[in-house]
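Only this structure's heavy atoms are used, side chains among them; waters, hydrogens and symmetry mates stay out.
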Amino acid sequence: MEKTIENKEHRQLQLINWFLLCLFAMQPIMDVASYWLTELGQGTAITLVLRTLLFFATAFIGFLVSRNKKIYFILAAVLGIFWIIHYLNCVRIGYSALMIDLNNYFRLIQPIVFVLAFLSIFRFYGTEKLPIKKTFLINYGLILIVIILAVVTGTDPHTYTNTGVGIKGWFYTGNAQSAVLAMIIPVVLYFAYQSGKKLVFLCAGIVCYAHLFFTGTKITYFSIFVFTGGFVLALILLKSKQWFYYVVPVVLAALCIIFYPMSPMNRTNSTHNEFVTQEQEEIDNQFPVLPEKENPQELSPDSDYYNEYYNLYMGIKTYAPMVEKFGLETVLKQTEYTTDMGKLSNARITKNNYNFILFGQQDLLTKMFGMHYNMELCGSQNYDSENDFLGILFLYGYVGFALYLAFTAGFIIYFLYHLFRYFKQVFSMEFVCVMIGLCMALFTAIFTAGMLRRPNASFYMSVLLAYGCYLVWTAKRRKKAE
């Protein structure tokens, strides 16, 4: 009887191992499929359906093995009730695209459900029995293969398509892919360190640092130094005397600084700065009468500056729809009457200006539960915020923002509390590398829209959150055993 039960449990463990391996391997494969489907003009419905099926399969497995199934029902109730209220309010103010709004909401709640599912799976089986190491290494290996194929065949679309700068591979979204790399590479390097083989760590370090360097985004470039600082600090606190592991990341990071003038990120910044300088010179020559510092309190059509400001803002394709929608005076008050092309050409600032104006014009109920996604569209422009948290505030109101903030802050408090209380048990190189990945996820959510509403990126964030929690659980068990 006992042998039968053991065989059954062994088969279940094998099945869950194969499921996790397939789940991880499918992430870059689905990204590549989405890229080529878009290139061929076919749309991404196939990969969307596949992602949805994998999502529900993971949630179902998590529910089955969960020791506290009530939390699944509570979460479903909270998410469902919020959506109903949000939906009813959007109907009240005028829905124009229900399915687009529903899809956006579904993408937003995926990481929350994934975290819960992975927490249940990790706690039930234990990461020691699950192929965590294999999943990350296979995943990153597939990413490298895709990039090599794209570069060798000359079909790499580049991180910045317009300028042909940066290496991206056949992946659908540049910002999301940058977030993926910044999250998983610290864990990949941890596994190289864990192997105890210096040659493996050196080769992995060279490949990973070069990958981050040549991707060309600020997220990937600065993640080099976040990882280096965190890794070296962990070695110091762990009192490691293996100087090789200090030297390799420090030297690689130093090389990234030395060769910064040749980096894709510097080329992108230089191109943008040259554009801004040129545009600023044209504006200064074309509109010399505009005040440089003082801001007019009132700007009527009879004002000396009105036509100058009007021609300036209508000449900028991202501001022209805003002027037509809100009026010149409203837009100028939001931009503080700026003529600085560094600000006016900044997509993130522009989109936030649009959203702050639009959100400020809504009634209390809409401010509480958010606007619908089509309200982000104006003219030929999409003003969806390039900041995940602000995007949540605008689209899901104060209530939605508070709920997501509680979700995020809850994990931050949880990790910090247990790190200080069980420092000796919790603090390890494995924990540090997982936390570095999560820090990069947080930075990406704050400075881009490439995390919380991008399932291909938020998936890894969910895994790392559950992974970190499991490390804390095991540390607490060791503490109690002492």
Side-chain angles (χ1 to χ4, degrees), residues 44-45 48-49 51-52 55-56 58-59 63 70-117 176 325-326 351-378 381-411 442 444-446 448-459 461-462 465:
T44 59
L48 177 61
V49 170
R51 283 190 189 278
T52 303
F55 166 75
F56 281 111
T58 307
F63 175 76
K70 289 182 180 179
I71 194 169
Y72 282 83
F73 293 108
I74 294 172
L75 179 61
V78 172
L79 296 177
I81 291 171
F82 178 83
W83 167 254
I84 290 171
I85 298 173
H86 170 77
Y87 165 76
L88 292 174
N89 180 63
C90 288
V91 170
R92 180 182 67 87
I93 61 177
Y95 241 137
S96 56
L98 169 61
M99 294 310 298
I100 294 177
D101 199 43
L102 182 60
N103 178 54
N104 192 61
Y105 183 71
F106 181 65
R107 289 189 298 171
L108 183 65
I109 66 174
Q110 278 194 44
I112 302 174
V113 180
F114 262 132
V115 168
L116 182 58
K325 182 179 180 70
F326 303 118
K351 292 178 179 182
N352 285 343
N353 284 335
Y354 173 88
N355 278 282
F356 278 119
I357 295 173
L358 183 63
F359 191 73
Q361 293 179 348
Q362 304 307 307
D363 59 22
L364 179 60
L365 200 57
T366 303
K367 287 181 179 178
M368 293 299 292
F369 295 100
M371 311 180 296
H372 59 78
Y373 189 80
N374 261 26
M375 295 173 72
E376 298 287 358
L377 307 179
C378 182
Q381 300 296 313
N382 185 338
Y383 292 96
D384 188 16
S385 178
E386 291 190 10
N387 177 309
D388 275 329
F389 288 105
L390 284 178
I392 292 170
L393 171 64
F394 299 135
L395 291 173
Y396 301 103
Y398 296 129
V399 174
F401 178 75
L403 290 173
Y404 224 98
L405 195 63
F407 166 74
T408 306
F411 280 102
L442 182 61
T444 306
I446 293 173
T448 76
M451 177 55 62
L452 301 179
R453 292 182 289 158
R454 295 289 183 183
N456 56 330
S458 64
F459 169 83
M461 181 191 74
S462 301
L465 284 171

Which atom pair, heavy atoms only, marks the closest approach of [X] to [Y]?
X: Thr58; Y: Ala117; result: O-CB, 3.5 Å
X: Lys325; Y: Cys378; result: CD-SG, 3.7 Å
X: Pro455; Y: Gln110; result: CB-OE1, 3.9 Å
X: Leu358; Y: Met375; result: CD2-O, 3.3 Å
X: Cys90; Y: Gly370; result: SG-O, 4.3 Å
X: Asp101; Y: Met371; result: OD1-O, 4.4 Å

Got [X] and [Y] here, is their nearest side-chain heavy-atom distance under 4.5 Å?
X: Thr448; Y: Arg454; value: no
X: Asn103; Y: Leu48; value: yes
X: Asp388; Y: Ile446; value: no
X: Leu108; Y: Leu395; value: no

Candidate pair Thr444 and Met461, rule side-chain contact (heavy atoms from CB on, under 4.5 Å), full reasoning:
CA-CA 11 Å; Thr444 306; Met461 181 191 74; over 6 Å; no

Distance in Å, [X] [atom1] paired with [Y] [atom2], rounded so as to fall on 0.5 Å steps:
X: Leu442; Y: Phe411; atom1: CG; atom2: CZ; answer: 13.0 Å
X: Ile109; Y: Ser458; atom1: CD1; atom2: OG; answer: 11.0 Å
X: Leu365; Y: Ile93; atom1: CG; atom2: CD1; answer: 9.0 Å
X: Gln362; Y: Lys367; atom1: CD; atom2: NZ; answer: 8.0 Å
X: Met451; Y: Asn456; atom1: CE; atom2: CG; answer: 9.0 Å
X: Lys351; Y: Leu390; atom1: NZ; atom2: CG; answer: 13.0 Å

Please check if the side chain of [X] supplies one atom and the backbone of [Y] the other of a donor-acceptor pair under 3.5 Å.
X: Asn382; Y: Leu377; result: no
X: Asn355; Y: Tyr383; result: yes
X: Tyr72; Y: Ala59; result: no

By ring pair (Phe, Tyr, Trp, His ring centres under 6.0 Å), which residues pair with Tyr95, not counting sequence neighbours?
Tyr87, His372

For Tyr105 and Tyr396, take the angle between the two ring planes, folded into 0 to 90°, and tell me which bin it lands in: parallel under 30, tilted 30 to 60, perpendicular over 60.
tilted

Are the aromatic ring centres of Phe356 and Phe394 under 6.0 angstrom apart?
yes

So Glu376 and Ile100, side-chain contact (heavy atoms from CB on, under 4.5 Å) or not? Walk me through it.
CA-CA 12 Å; Glu376 298 287 358; Ile100 294 177; over 6 Å; no

Hey, is CD1 on Ile71 packed in by over 12 heavy atoms from elsewhere, all under 6.0 Å?
no

Intermediate values then yes/no, ring-ring contact (aromatic ring centres under 6.0 Å, His included), Phe326 and Tyr354:
CA-CA 9 Å; Phe326 303 118; Tyr354 173 88; 5.4 Å; yes

The test is side-chain contact (heavy atoms from CB on, under 4.5 Å); show your working for Ile392 and Leu405 and say whether it passes.
CA-CA 10 Å; Ile392 292 170; Leu405 195 63; over 6 Å; no

For the pair Phe56 and Phe63, evaluate ring-ring contact (aromatic ring centres under 6.0 Å, His included) and give the outcome as yes or no after the intermediate values.
CA-CA 10 Å; Phe56 281 111; Phe63 175 76; over 10 Å; no

Only one of Phe82, Tyr404, Phe369, Phe359 forms a ring-ring contact (aromatic ring centres under 6.0 Å, His included) with Tyr398, so which one is it?
Phe359

List the steps, then state whether side-chain contact (heavy atoms from CB on, under 4.5 Å) holds for Val115 with Ser462.
CA-CA 5 Å; Val115 168; Ser462 301; 3.6 Å; yes

Taking Trp83 as the fixed residue, which of Leu102, Leu88, Val78 is the one that meets the side chain to side chain contact (heavy atoms under 4.5 Å, CB included) rule?
Leu102

